[in-house]
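Okay, structure first, notes after.
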Amino acid sequence: MPTNLAIDDALITEAVAIGGHTTKKAAVTIALKEYIERHKQQKIIELFGTIDYSKDYNYKKSRMRKKKKT
């Protein structure tokens, strides 16, 4: 979807240079992906301390493979 944006030339030039991108579009696309990922990570961080868990839970035990009867 074509979109016209007024982006600060200095910012886009620096983003292209720092990222080693060959086009402005590539720099903006990567920047948007990183922005989205960062905000998703922030949402996960907000969950810290809000999820109850059992202190007796043994994750290693649940990973153990069951032995096959021969």
Self-check item: side chain to side chain contact (heavy atoms under 4.5 Å, CB included) partner of Glu37, chosen from Lys40, Glu34, His39
Solution: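 The passing option is Lys40.
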Quiz item: Is it true that Ile44 and Ile36 fall in one hydrophobic cluster, defined by side-chain heavy atoms closer than 4.5 Å?
Solution: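 No; tracing contacts between hydrophobic side chains, which count when under 4.5 Å, never links both residues.
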Quiz item: Are Thr29 and Lys33 close enough that some pair of their side-chain heavy atoms sits under 4.5 Å apart?
Solution: yes
Quiz prompt | Where Lys24 and Val16 come nearest, the two heavy atoms and their spacing | solution = CA-CG2, 3.9 Å
Exercise. Using the test side-chain contact (heavy atoms from CB on, under 4.5 Å), find all partners of Leu5 that sit at least two apart in sequence or belong to another chain.
Key: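 Listed in chain order: Thr3, Ile7.
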